Amino acid sequence: MRLIADLLGLDAALPLLDDEGITRVTLWRHAARWACRDAPLDFRLLGAEAIAVPEPEPTEPVVGALARLLRSTRGTGTLIMLVNPFAAVGVENIPVTEGVRLFGVTSDADMRCWDAILSTGQPVYGVCGQTTLDVQSARATSALSALAYGLFTSDTGLSLTGLHEDRAGVVYACDRATTAEVIIKGGFEGGELRGEANAQITWKDRGNEGYVRLAIQDADGNRCLTQPRFVVQARTHG
């Protein structure tokens, strides 16, 4: 089942809509922007139900605030989305976000932060614009599981008509011609894909990418991001 949501919104109720615009699931959301000692911390908490949220402490650094948020969500199934990774921690300090499952990636700088944390082996998934989830059922737990394991795409005006990923690679389709950058470990471009409208566009893993994610774009600049797939290089037997 496909559900669509605006994860970056501010309302406490987060509706997930089907293709006909009908709300099938509603999640709880807490949106906040804390003025920490060293930087602003913009975040969302996403869960099946409300939890007690810590109060901001303006004298503490971002790393302390993140640690308190992680403690408050432990064992609840609630996910943390860091909306402003570059402004909050920057690329060099990105390991302090370990435990955060979702990043807002609305700028090139945020993208660099995303690739920096992915390059450490941490599973973090990127959000920009509209999010389209692939869920097993219309339940809050299923939606949260899809978010926690990256079973979604995120786009700014470019929705895919098909997406299949497995251990060998990825295949996608779109109703218009697209170009896709294949992003691998370190944020490097590992290849480029081009395809016409409704074509099956395929990437086959080479085995040394570390991880693979696609940044897909149409001629008007609309974008769609797939989530990273960690690639394990096959061992050779001698």
Side-chain angles (χ1 to χ4, degrees), residues 3-16 23-90 93-106 110 113-114 116-118 120-128 130-154 225 227-228 230:
L3 296 176
I4 299 168
D6 174 16
L7 300 185
L8 293 168
L10 301 175
D11 293 341
L14 170 55
L16 278 66
T23 298
R24 300 298 299 271
V25 180
T26 301
L27 297 180
W28 169 77
R29 171 171 51 198
H30 177 81
R33 185 178 179 88
W34 290 359
C36 296
R37 186 180 72 203
D38 50 352
L41 177 63
D42 193 353
F43 67 91
R44 306 285 185 272
L45 302 182
L46 307 174
E49 56 186 22
I51 64 170
V53 182
E55 293 296 323
E57 295 286 348
T59 60
E60 75 179 343
V62 165
V63 61
L66 283 173
R68 287 197 300 123
L69 287 170
L70 286 164
R71 285 196 298 270
S72 73
T73 60
R74 191 170 298 144
T76 68
T78 301
L79 302 176
I80 300 174
M81 176 166 58
L82 179 57
V83 177
N84 64 335
F86 183 76
V89 298
N93 294 323
I94 207 66
V96 305
T97 65
E98 181 177 351
V100 174
R101 205 64 164 185
L102 302 167
F103 272 13
V105 286
T106 57
D110 289 336
C113 289
W114 188 21
I117 192 65
L118 290 174
T120 71
Q122 294 297 315
V124 177
Y125 305 109
V127 176
C128 68
Q130 175 179 276
T131 296
T132 302
L133 297 86
D134 182 12
V135 300
Q136 294 294 318
S137 62
R139 302 177 61 184
T141 52
S142 185
L144 289 168
S145 178
L147 291 171
Y149 292 99
L151 302 179
F152 64 91
T153 59
S154 204
L225 302 176
Q227 301 307 322
F230 288 91

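Side-chain atoms are counted along with the backbone in the values below, which use heavy atoms only and exclude waters and symmetry mates. Not measured: the values here are computed from a predicted model.
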Quick one, L46 with L102, criterion side chain to side chain contact (heavy atoms under 4.5 Å, CB included). Give me CA distance, side-chain angles, the key distance, then yes/no.
CA-CA 10 Å; L46 307 174; L102 302 167; 3.9 Å; yes
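- Pairs engaging residues 33-73 under the ring-ring contact (aromatic ring centres under 6.0 Å, His included) rule: W34-F43 [sequence neighbours left out].
- To the nearest 0.5 angstrom, L16 atom CG is 8.5 Å from T23 atom OG1.
- Pairing each heavy atom of A5 with each of L14, the nearest pair is CB-CD1, 4.3 Å.
- Summarising the geometry of L8 relative to C128, their closest heavy-atom pair is CD1-CA, 4.2 Å, with the distance given to 0.1 Å.
- Distance alone, capped at 3.5 Å, places no donor-acceptor pair between the R44 side chain and the M81 backbone.
- In this structure, the side chain to side chain contact (heavy atoms under 4.5 Å, CB included) partners of S145, at least two apart in sequence or on a different chain, are Y149.
- Judged by distance alone, with hydrogens and angles left aside, the side-chain atoms of D38 form a donor-acceptor pair with the main-chain N or O of V62 at under 3.5 Å.
- No donor-acceptor distance shorter than 3.5 angstrom exists from the side chain of D42 to the backbone of V83, with no hydrogens or angles considered.
- Atoms CG and CZ, on N84 and F103 in that order, are 10.0 Å from each other to the nearest 0.5 Å.
- Scanning both residues, G47 and L144, for their nearest heavy atoms gives C-CD1, 3.8 Å.
- Summarising the geometry, atom CG belonging to L118 is positioned 8.5 Å from atom OH belonging to Y125; distances are rounded to the nearest 0.5 Å.
- W114 is listed as a side-chain neighbour of P228, based on a closest heavy-atom distance under 4.5 Å.
- The minimum heavy-atom distance linking T26 with A13 is given by the pair CG2-CB, 4.1 Å.
- Under the 4.0 Å criterion applied to side-chain N and carboxylate O atoms, R68 and E60 are assigned as salt-bridge partners.
- Proximity of I51 to H30: side-chain heavy atoms (C-beta onward) are nowhere separated by under 4.5 Å.
- No side-chain heavy atom of V124 sits under 4.5 Å from any side-chain heavy atom of L82.
- Nearest heavy atom pair, residue R29 against residue D6, reads NH1-O, 2.7 Å.
- With rounding to the nearest 0.5 angstrom, the OG1 atom of T78 is 11.0 Å from the CG atom of L69.
- Remark: L66 CG to C36 SG distance equals 7.5 Å, nearest 0.5 Å.
- Between P85 and T97 the shortest side-chain heavy-atom distance does not fall below 4.5 Å.
- Contact record, A143 with V135: CA-CG1, 3.9 Å, taken as the closest heavy-atom pair.
- The 12-atom threshold is not exceeded at CD of E98, counting heavy atoms of other residues, nucleotides or ligands nearer than 6.0 Å.
- Taking T141 as the reference, R139 meet the side chain to side chain contact (heavy atoms under 4.5 Å, CB included) condition, with sequence neighbours excluded.
- In this structure, L41 CG and R33 CZ are separated by 9.0 Å, a value rounded to the nearest 0.5 Å.
- Between the T132 side chain and the T153 main chain, no donor and acceptor come within less than 3.5 Å of each other.
- L7 places a side-chain heavy atom less than 4.5 Å from the side chain of L147.
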